[in-house]
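Take a look at the structure below.
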Amino acid sequence: MSTAAELRRLYSKGKKRKVLAIFALFIALLVAIVASVSLGAGSPRFIEAMNVIFSRVFPFFNINPEPAITQFIIMDLRLPRIVLAIVAGAGLAASGATMQGVLRNPLVSSYVLGISAAAGFGAALAIVFGISVIGLFGGYVIIANAFLFSLLAMVLVYGIARMRGISTETVILAGIAIGFLFSALLSLIQYVAPENEAVPAVVYWLMGSLHTSTWTSVLIVSPIVLITVLLMVQQSWNINVLSMGEDVATSLGVNSKRVLGINMVLETLATASIIAFSGVIGFVDLISPHIARMLIGSDHRFLIPCSALTGAFMLLCSDTVARLVLAPTELPVGIVTSLLGVPFFIYILVSKRRQSWR
Amino acid sequence: MKLTINNLSFTYAGVPALSDVELEVGTGEVLSIVGPNGSGKSTLLKCINRILKPKQNSVLIDGKDTSTFNLKELSKLIGYVPQSSTSTFSFTVFDVVLMGRKPYIHWSLSERDNEIVADMLDFLGIGDLAMRHFNELSGGEQQKVIVARALAQQPQVLLLDEPTSSLDIRHQLEILCLLRRLALTKGCSIIVSMHDLNLASRFSDRMIIIKKGKIFASGTPESVLTEETIESVYGIRCKVTNSVLGKPQVVPLISDLPEETTLKMRPEITEKL
Amino acid sequence: MEVNYLKKTTVALTVVLIALIVGASVYGVYTLYSSPASPTPSPSPSSTPSLSPTPQQTETVTVVDETGVSVEVTLPVTRIVNIAPGAAEILCAIGGGEKIVGRDAYSTFPPSMSAVPIVAESSFGPNMEQILELNPDLIIADQGLSDANRQKFEAVGVPVIVEMLMEPRLEDAIRNFGTVLGELDKANDYINFTQSYETLVKDRIATLSQSEKPTVYFEWYQPWYTSSLGDSWDELIVSAGGQNIAPSTLNVSNPILSPEYVAEQSPEIIVRMLTRMDGEDNAAFETLRNEILSRTGLSTTTAVKESNVFIIHNNLLVLRPAIGLLYLAKWFHPTLFADIDPAAIHVQMIQKYFGITLSGVFAYP
């Protein structure tokens with residue numbers, strides 16, 4: 001029989017292991033960043049990249065400056081893209097972990113909730129017809145449209161679920177229904193697209209890609225993702241408790257409907273702002289939480305950050321491969337994410353003895 | 001701590017589930033609720049806990065209406081052990097019990113939270129399960145973990161919904177002894193719904209028996225468990241004897257059950273019963 | 001029970017994931033390699049039931065269309081349903097405009113087309129019943145028309161010609177139209193008109209050395225979408241005396257080019273294509289050009305620094321490539337083509353073949 005003190009020691013040991021796993025992921029991400037900044041269709045490699053970055057960080061230490069074009073490629077083309085990949089991956093994965101937790105369903109993703117389809121429809125509307133729900137918006141028509149339609153999908157899903165008294169089942173079913181609705185509308189647009197050029201453009205967008213990243217997009221997306229993810233982490237205890245069922249959650253002082261509502265808003269804001277800029281990047285939000293769960297268990301206090309790091313790592317690696325594989329041509333990152341992520345995930349799935357959900 | 005229920009009624013979408021329920025539980029008292037399936041036992045527990053919200057609230061704790069408490073305040077007073085527990089995602093036993101501290105924590109855990117969890121595991125004698133995964137435990141072990149979680153809430157009232165239904169006889173006794181111990185040492189008021197009349201009789205101070213959402217009888221086990229009461233609530237005849245423990249013991253007779261249910265029995269046995 | 005469940009879940013998930021892999025690959029390959037220029041030779045329909053020989057003398061001609069099918073057309077053709085958007089313009093230019101009795105929604109030039117009823121959104125979605133009720137003796141479609149729909153038309157004895165109306169087949173298509181309209185002279189005249197300018201450009205740039213040809217980044221439709229070596233737009237750029245920076249090793253139609261590659265190549269000229277969907281007024285051209293001039297990824301290129309950024313209407317690259325070629329040539333080699341005014345030639349061409357005065361913007365600045 002273990003004594004109480006022994007138990008506490010065991011528990012804190014387990015906690016340390018989780019922190020260590022998160023730290024290891026962080027290191028892996030750093031390595032991926034260094035690799036990513038050293039590779040690309042342009043000529044700058046590791047030495048040049050480090051030179052540029054160090055000379056920016058320590059301007060007084062700038063002994064032999066790299067040519068302007070090298071600096072430009074590293075600072076204005078590679079870095080914003082790397083940062084956006086990290087932010088997008090982290091945001092999508094954290095949203096996935098949160099919604100799977102809140103809806104107590106390991107298959108939930110932005111696809112299931114109709115957000116992706118709605119964003120795709122909004123973007124296609126802008127790409128094919130140049131129509132925006134808020135009139136002309138400069139070069140941001142596609143982004144604004146994708147974002148607004150995602151929010152619209154969330155409002156619809158919430159509204160429908162609300163009519164029947166919010167529950168996980170109604171939210172998921174309403175999400176699937178709304179998703180199908182927007183997919184159908186999207187197909188309709190592709191079908192009637194007046195010019196041949198429009199359809200490939202829509203298809204590219206639906207596969208997701210980060211090649212248009214700029215510091216501006218980073219500056220817009222990052223704060224939204226940072227704040228929403230922090231708020232999601234803040235919900236960890238509520239989500240943990242919800243895992244035992246709504247009745248138990250209530251008896252532990254948690255209003256499950258309110259938690260569901262709050263998290264739907266957070267998830268939609270994060271996901272919508274990301275895919276508005278990147279196109280629909282699937283799979284990351286579905287799979288990262290599972291990988292994270294296999295690594296450190298289901299305690300959302302650790303799971304959400306761990307999932308975010310996993311997602312960031314996954315998307316950054318995928319995007320780097322997408323940049324390299326056919327260089328100087330770009331591959332849509334969505335393809336790479338799935339092609340790389342699925343075998344890796346299957347490996348983890350079959351090699352792990354324990355099942356982390358039921 | 002005194003829990004009072006005045007005139008409680010509840011309907012599910014127009015279908016009455018409880019009507020005019022009145023009861024009172026005092027400090028350190030164990031009250032068991034018995035009654036046929038669907039008679040409203042679970043509903044009653046959920047109404048006390050405000051998982052279900054009756055139109056007119058009539059649950060009072062020390063004279064204070066519970067609908068004036070917010071969920072969090074209430075969860076510090078009332079612990080709840082549901083009929084069955086599963087977790088969608090896999091948590092360790094320690095994590096599950098830690099959830100019982102939810103009403104007290106915002107984000108970070110204090111040393112005290114860990115201490116309480118460890119104490120509860122110890123109290124229930126399941127310390128060696130602490131790092132096991134909840135979903136991989138047996139039903140009896142899971143039930144203890146869930147009780148430990150409810151106790152980690154440090155409640156003054158503990159509600160248990162058929163905690164022994166799916167347990168073997170040893171686990172049944174363990175859980176019920178534990179409840180008595182709780183009532184005695186921590187002064188918890190305990191309300192427990194059950195099917196086994198003999199266990200209820202043996203472990204509770206008072207009993208109520210519910211039929212179709214109404215309290216049919218209430219009082220000490222001796223006053224509630226009469227042959228007439230059981231016949232009119234359950235529709236079966238039985239013999240009530242005095243057990244070796246000095247509590248009433250119910251032995252059901254099956255001779256007047258519909259013929260097809262007893263057909264397979266040998267006649268000599270049927271007659272004896 | 002537990003183990004069983006785990007097994008089931010694993011199996012189910014594996015199946016789903018494998019489906020995902022396959023789906024993603026197929027999707028990817030589909031988009032990457034579904035090039036519009038790969039003609040799939042469909043088997044020619046096995047001897048369409050020829051109508052019972054009519055007593056009066058009829059003449060038939062046979063043309064080979066883009067799909068490689070030999071189409072037999074009975075002359076004279078008097079009722080054409082045209083659901084290939086570019087074809088209307090060419091049919092009108094060679095004297096067949098009057099014969100068009102039905103059209104797709106996007107055949108809007110010349111303006112006389114607006115009087116013709118619409119019987120298809122595009123070749124993807126023909127209204128079979130409406131089309132057959134028009135009792136056409138020829139249907140012209142593009143590759144959007146499905147094989148099944150084509151066979152349905154042919155089964156009732158209506159010949160179908162499929163043409164995409166793009167280089168390098170444009171002249172063949174025009175000649176085919178001339179043949180079936182019985183207007184081969186006019187078709188040749190139209191071809192000669194365009195060829196005369198192609199020859200002019202060819203002669204003038206013949207003497208240029210490779211180093212005198214500017215490097216060009218061509219973009220269509222969305223940022224970083226370019227045109228790879230060997231496709232029609234690339235050929236136009238080369239014909240106009242430019243060097244396309246898109247690498248020749250690409251086997252991808254409609255590739256997206258890496259921004260850092262473009263930055264390093266630092267093209268001297270950037271040409272962006274405008275389509276109907278961007279808008280067709282002056283402001284649309286200006287918006288597109290300003291986007292490129294202010295795009296971060298392009299800010300270091302010679303073209304942006306020297307404001308050598310040009311916007312061209314997609315009609316000039318597809319339907320009237322001779323005019324497009326003149327514009328490109330003049331942008332690439334302003335002194336060499338100082339005497340050429342593409343806009344004026346464009347106006348003259350429209351006047352000559354359609355009898356109307358051209359209005360609107362087609363290139364900027």
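We name chains A, B, ... by the order of the sequence lines, and we start the count at 1 in each one. Excluded from the calculations below are hydrogen atoms, water molecules and symmetry mates; all remaining heavy atoms, backbone and side chain alike, are included.
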Worksheet item: Which distance, rounded to the nearest 0.5 Å, do you find between the CH2 of A:Trp237 and the CD1 of B:Ile105?
Response: 3.5 Å
Worksheet entry | Atom group of B:Leu74 that falls short of 4.5 Å from chain A, counting heavy atoms | neither
Worksheet item: Checking B:Phe134 against chain A: side chain, backbone, both or neither under 4.5 Å from a heavy atom?
Response: side chain
Fill in: Passing option when A:Tyr11 is tested against B:Asn114, B:Val117, B:Leu121 for side chain to side chain contact (heavy atoms under 4.5 Å, CB included)
B:Asn114
Item to complete: Please flag which part of A:Asn238 lies under 4.5 Å from any non-hydrogen atom of chain B: side chain, backbone, both or neither.
Response: both
Worksheet item: Between OG1 of B:Thr88 and CE of A:Met244, what distance do you get to the nearest 0.5 Å?
Response: 9.0 Å
Worksheet entry | Contact class of B:Val96 relative to chain A, heavy atoms under 4.5 angstrom | side chain
Worksheet item: Based on non-hydrogen pairs under 4.5 Å, which of B:Ser75, B:Ala150, B:Pro82 is most in contact with chain A?
Response: B:Ser75
Practice prompt. Go through B:Arg149, B:Glu73, B:Glu111, B:Lys76 and name the one with the most non-hydrogen pairs under 4.5 angstrom from chain A.
Written response: B:Arg149
Worksheet item: If contact means a heavy atom pair closer than 4.5 Å, which residues of residues 245-260 of chain A contact chain B?
Response: A:Asp247, A:Val248, A:Thr250, A:Ser251, A:Leu252, A:Gly253, A:Val254, A:Asn255
Worksheet item: Does B:Phe89 reach the side chain of A:Leu242, with side-chain heavy atoms less than 4.5 Å apart?
Response: no
Worksheet item: Between B:Ser87 and A:Ser243, which heavy-atom pair has the shortest distance, and what is it?
Response: OG-OG, 3.1 Å
Worksheet, complete the sentence: Residues of residues 157-169 of chain B with a heavy atom under 4.5 Å from any heavy atom of chain A, in residue-number order, are none
Worksheet item: So which of B:Met99, B:Gln153, B:Arg50 has the largest heavy-atom pair count under 4.5 angstrom toward chain A?
Response: B:Met99
Discussion item. I'd like to verify something: which residue of B:Lys72, B:Lys102, B:Arg101, B:Met120 has the highest number of heavy-atom pairs under 4.5 Å with chain A?
Written reply: B:Lys102
Worksheet entry | From NZ (A:Lys15) to CG (B:Asp95), nearest 0.5 Å | 10.0 Å
Fill in: Pairwise distance CZ(A:Arg8) to CZ(B:Phe94) - rounded to 0.5 angstrom
8.5 Å
Discussion item. With a 6.0 Å cut-off (strictly less than), is the heavy-atom count around CZ of A:Phe26, excluding the residue itself, greater than 12?
Written reply: no
Response to the item:
Between the CG atom in B:Leu98 and the CG atom in A:Asn240, the distance rounded to the nearest 0.5 Å is 8.5 Å
